[in-house]
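On a predicted model such as this, the values are computed, not experimentally measured, just so you know.
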Amino acid sequence: MTTISKINDIDLANRLKVFRTTYIDKSQNKAAKKLEVSQGNLSNMELGKIPIRYDFVKKLVDGYGLNQEWFTSGKGKAVDKGTRKKVVITDMETLNTEFETLKNLMKILEANQNHLIGIVERQAAQLKQFEQQLNEKSDT
């Protein structure tokens, strides 16, 4: 099982690009139209510049059969065609499936959170540099 600390947002970005070019469209512009997002946002997600939102992942899962385990960890196949056609046999089976889906979505959310924390840390470091430069100029 993949732990949250091992998930890297650039890995998610790379898997998004692989999934898009293989299962949606090789053209980023055409894929963006199909997915109802701007080409710029799709590009930024694929470059790891912006987090990949839950509703976007859900659209890939529901519309294109994205396997969430593959997306979060790289394990298994990118498309889980069988899961969409399976008939749920018992309530416990449904509960287990939903639980696994929620665990995978939590991995995505935590990866996005780590991405945002990195941005905040970089901005804090820049702010500290600016403050030091300002203090140096005011001392002279």
Side-chain angles (χ1 to χ4, degrees):
M1 182 174 168
T2 305
T3 60
I4 300 307
S5 61
K6 292 185 181 178
I7 293 179
N8 184 342
D9 52 288
I10 197 68
D11 293 334
L12 294 174
N14 289 334
R15 283 193 282 276
L16 173 60
K17 184 174 183 177
V18 167
F19 187 83
R20 189 258 306 162
T21 58
T22 306
Y23 298 101
I24 302 171
D25 204 305
K26 291 191 187 314
S27 162
Q28 195 176 63
N29 194 39
K30 289 179 184 177
K33 286 179 183 175
K34 290 177 184 179
L35 296 169
E36 302 176 336
V37 296
S38 73
Q39 182 273 328
N41 277 349
L42 182 56
S43 175
N44 286 331
M45 284 187 276
E46 290 181 354
L47 292 171
K49 290 183 177 180
I50 62 172
I52 301 168
R53 294 173 41 113
Y54 162 76
D55 55 346
F56 184 77
V57 174
K58 183 163 178 22
K59 187 180 291 189
L60 296 176
V61 170
D62 294 343
Y64 296 92
L66 172 68
N67 178 352
Q68 293 178 47
E69 180 66 21
W70 172 81
F71 187 64
T72 56
S73 70
K75 295 177 184 173
K77 294 182 179 183
V79 174
D80 193 0
K81 295 178 183 175
T83 0
R84 299 180 74 201
K85 296 179 182 177
K86 287 182 183 174
V87 175
V88 178
I89 298 170
T90 66
D91 287 338
M92 190 61 169
E93 196 170 325
T94 301
L95 182 61
N96 285 334
T97 301
E98 290 297 317
F99 181 70
E100 288 302 314
T101 299
L102 289 172
K103 283 187 349 188
N104 288 327
L105 292 173
M106 286 299 298
K107 291 176 189 177
I108 294 166
L109 290 172
E110 292 203 37
N112 286 337
Q113 180 184 18
N114 290 338
H115 177 80
L116 293 172
I117 288 170
I119 290 172
V120 169
E121 289 172 346
R122 287 189 297 276
Q123 289 177 342
Q126 287 177 338
L127 182 59
K128 189 172 185 175
Q129 285 179 335
F130 291 142
E131 287 175 344
Q132 288 173 348
Q133 290 172 356
L134 186 59
N135 288 337
E136 290 171 4
K137 287 184 181 185
S138 66
D139 290 341
T140 58

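Other residues, nucleotides and ligands contribute only 12 or fewer heavy atoms inside 6.0 Å of the NZ atom of K17.
Within the structure, the side-chain hydrogen bond (donor to acceptor under 3.5 Å, both in side chains) test picks out the following pairs touching residues 39-57 (sequence neighbours left out): R20-E46, Q28-Q39, Q28-E46, R53-D55.
Across Y64 and L35, no two heavy atoms sit closer than the pair CE1-CD2, 3.6 Å. Of all non-hydrogen atoms in L47 and I10, the two that sit nearest each other are O-CD1, 3.4 Å. Nearest heavy-atom pair across L42 and A31 is CD2-CB, 4.1 Å. Closest non-hydrogen pair, V18 versus T22, comes out as O-OG1, 2.7 Å. When all heavy atoms of A13 and G48 are compared, the closest pair comes out as CB-N, 3.5 Å.
Other members of the cluster containing I117 do not exist, because no ILVMFWY side chain is joined to it at under 4.5 Å. Counting side-chain heavy-atom gaps under 4.5 Å among Ile, Leu, Val, Met, Phe, Trp and Tyr, the cluster of L116 also holds I119.
E110 contributes atom CD, which lies 11.5 Å from atom OG1 of T72 (distance to the nearest 0.5 angstrom). Once rounded to the nearest 0.5 Å, the distance linking CD1 of I108 with CD of Q68 reads 5.5 Å.
Formation of a donor-acceptor pair under 3.5 Å by the D9 side chain with backbone atoms of N112 is not found in this model.
In terms of the salt bridge (Lys or Arg N to Asp or Glu O under 4.0 Å) criterion, residue partners of K34 (sequence neighbours excluded) are, by chain and number, D25. F56 pairs by the ring pair (Phe, Tyr, Trp, His ring centres under 6.0 Å) definition with nothing, not counting sequence neighbours. With sequence neighbours left out, the side-chain hydrogen bond (donor to acceptor under 3.5 Å, both in side chains) criterion links K33 to no other residue. Shown here are the side chain to side chain contact (heavy atoms under 4.5 Å, CB included) partners of N67, two or more places apart in sequence or in another chain: E69, W70, D80. Applying the salt bridge (Lys or Arg N to Asp or Glu O under 4.0 Å) criterion to K30, with sequence neighbours excluded, gives no partner residue.
Residues E100 and K103 form a side-chain contact, since some pair of their non-hydrogen atoms from C-beta on lies under 4.5 Å apart. In this structure the side chain of L60 reaches within 4.5 angstrom of the side chain of L16, judged on heavy atoms. When side chains are defined from C-beta on, F71 does not count as touching N104, because their heavy atoms never get closer than 4.5 Å.
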N/O donor to acceptor pairs below 3.5 angstrom from side-chain atoms of residues 122-137, sequence neighbours left out:
| from | atom 1 | to | atom 2 | distance (Å) |
| --- | --- | --- | --- | --- |
| R122 | NH1 | G118 | O | 3.4 |
| N135 | ND2 | E131 | O | 3.3 |

